[in-house]
Amino acid sequence: MTEPRRPAARMPLRVRYHECDGQGIVFNAHYLAYVDMCSFEAEKALFGSHEEFLAHRTDVVVAEANLKFRAPARYDDELVVSQYLNHLGTTSLIFDFEIHRGSEVIAVANVRYVFIDPATLRPAAPPDAVRKAYAALLGD
């Protein structure tokens, strides 16, 4: 039996009225915003803050994102976004996200980030300290 994955972050949120469309459900683009917010929570958990992550002279950009919707979220729903490291490559990392309402998974996302050199904005391997922090999420 495999052990359950340890989330890099778990972020609770309550759906705000302005995030809903004319059908009364969360507009699809907001799910990516929720995922992005959770990514910053993971950075805080791993490095203390986004600024402390940037102090390592690295950054990440989104290279690819995929969302799958399973059930709609509505105004005032209490959700939890969880982020799990799926893959750590030489210059990229892939996270899986789950968005829950209670025990129900209402959406999943998969996002590939590329590490970049902030000075050149070109792909670059992260420093060892950053790689080690992320690798710990994989149990490596």
Side-chain angles (χ1 to χ4, degrees):
M1 183 172 174
T2 62
E3 288 193 29
R5 297 187 297 173
R6 180 173 66 108
R10 292 188 73 234
M11 182 192 74
L13 67 92
R14 184 181 300 272
V15 174
R16 298 167 293 185
Y17 182 78
H18 75 271
E19 295 168 340
C20 298
D21 61 18
Q23 297 168 325
I25 60 174
V26 172
F27 178 66
N28 55 36
H30 289 292
Y31 292 91
L32 282 175
Y34 299 161
V35 163
D36 191 56
M37 292 162 50
C38 189
S39 291
F40 280 98
E41 293 301 315
E43 272 188 6
K44 280 198 244 180
L46 291 171
F47 302 101
S49 69
H50 180 61
E51 290 73 23
E52 289 181 50
F53 171 71
L54 294 176
H56 289 278
R57 297 183 184 198
T58 192
D59 202 355
V60 293
V61 295
V62 174
E64 182 179 354
N66 184 335
L67 283 167
K68 292 181 184 175
F69 302 100
R70 296 185 177 168
R74 292 181 164 74
Y75 169 65
D76 215 29
D77 278 356
E78 293 183 24
L79 307 177
V80 175
V81 183
S82 299
Q83 179 183 21
Y84 302 91
L85 184 59
N86 176 324
H87 172 77
L88 177 61
T90 303
T91 60
S92 67
L93 62 168
I94 300 171
F95 281 101
D96 295 327
F97 296 84
E98 294 177 350
I99 301 175
H100 288 257
R101 178 180 48 231
S103 62
E104 180 184 20
V105 178
I106 64 165
V108 294
N110 178 272
V111 180
R112 182 170 55 92
Y113 297 88
V114 174
F115 288 103
I116 62 165
D117 177 331
T120 65
L121 302 180
R122 301 294 308 157
D128 288 340
V130 171
R131 175 173 293 288
K132 184 177 177 181
Y134 282 114
L137 296 172
L138 293 172
D140 296 347

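Of the candidates D59, V60, V61, Y113 forms a side chain to side chain contact (heavy atoms under 4.5 Å, CB included) with just one, namely V60.
Remark: E104 CD to I99 CD1 distance equals 12.0 Å, nearest 0.5 Å. Separation of atoms NZ (K44) and CD (E51) is listed at 9.5 Å; rounding is to 0.5 Å.
The two residues A133 and L46 have their closest heavy-atom pair at O-CD2, 3.7 Å. The shortest non-hydrogen separation linking P127 to H56 is CG-O, 3.1 Å. Nearest heavy atoms, A45 versus A8: CB-O, 4.0 Å. In terms of heavy atoms, R74 sits closest to V15 at O-CB, 3.3 Å. Residues A73 and R101 approach most closely at CA-NH1, 3.5 Å, considering heavy atoms. Between Q83 and C38 the shortest heavy-atom distance is OE1-O, 3.5 Å.
The closest donor-acceptor contact from the side chain of D117 to the backbone of L121 lies at 3.5 Å or more, if one exists at all. Distance alone, capped at 3.5 Å, places no donor-acceptor pair between the R57 side chain and the A119 backbone.
The number of heavy-atom neighbours closer than 6.0 Å to CZ of R122, taken from other residues, nucleotides and ligands shown, is 12 or below. Atom CG of D128 has 12 or fewer heavy atoms from other residues, nucleotides or ligands within 6.0 Å. Annotation for Q23: atom CD does not count as buried by contact number, only 12 or fewer foreign heavy atoms lying within 6.0 Å. For R10, the CZ atom counts as loosely surrounded, since its 6.0 Å shell holds 12 or fewer non-hydrogen atoms of other residues, nucleotides or ligands.
Legend: side-chain hydrogen bond (donor to acceptor under 3.5 Å, both in side chains) pairs involving residues 88-99, not counting sequence neighbours, sorted by first then second residue: R5-D96, N86-D96, D96-N110, E98-H100.
Aromatic ring centroids of F40 and F53 lie 6.0 Å or more apart.
Ring geometry for F95 against F97 counts as tilted: the plane angle lies between 30° and 60°, on a 0 to 90° scale.
Hydrophobic clustering (side-chain heavy atoms under 4.5 Å, transitive across Ile, Leu, Val, Met, Phe, Trp, Tyr) keeps L93 apart from I116.
Ion pairing of D76 with R14 is present here, as a side-chain N (NZ or NE/NH1/NH2) and a carboxylate O approach within less than 4.0 Å.
Counting only N and O atoms by type, the side chains of Y31 and E19 include no donor and acceptor under 3.5 Å apart.
Applying the under-4.5 Å side-chain rule to Ile, Leu, Val, Met, Phe, Trp and Tyr, the cluster around Y75 extends to Y17.
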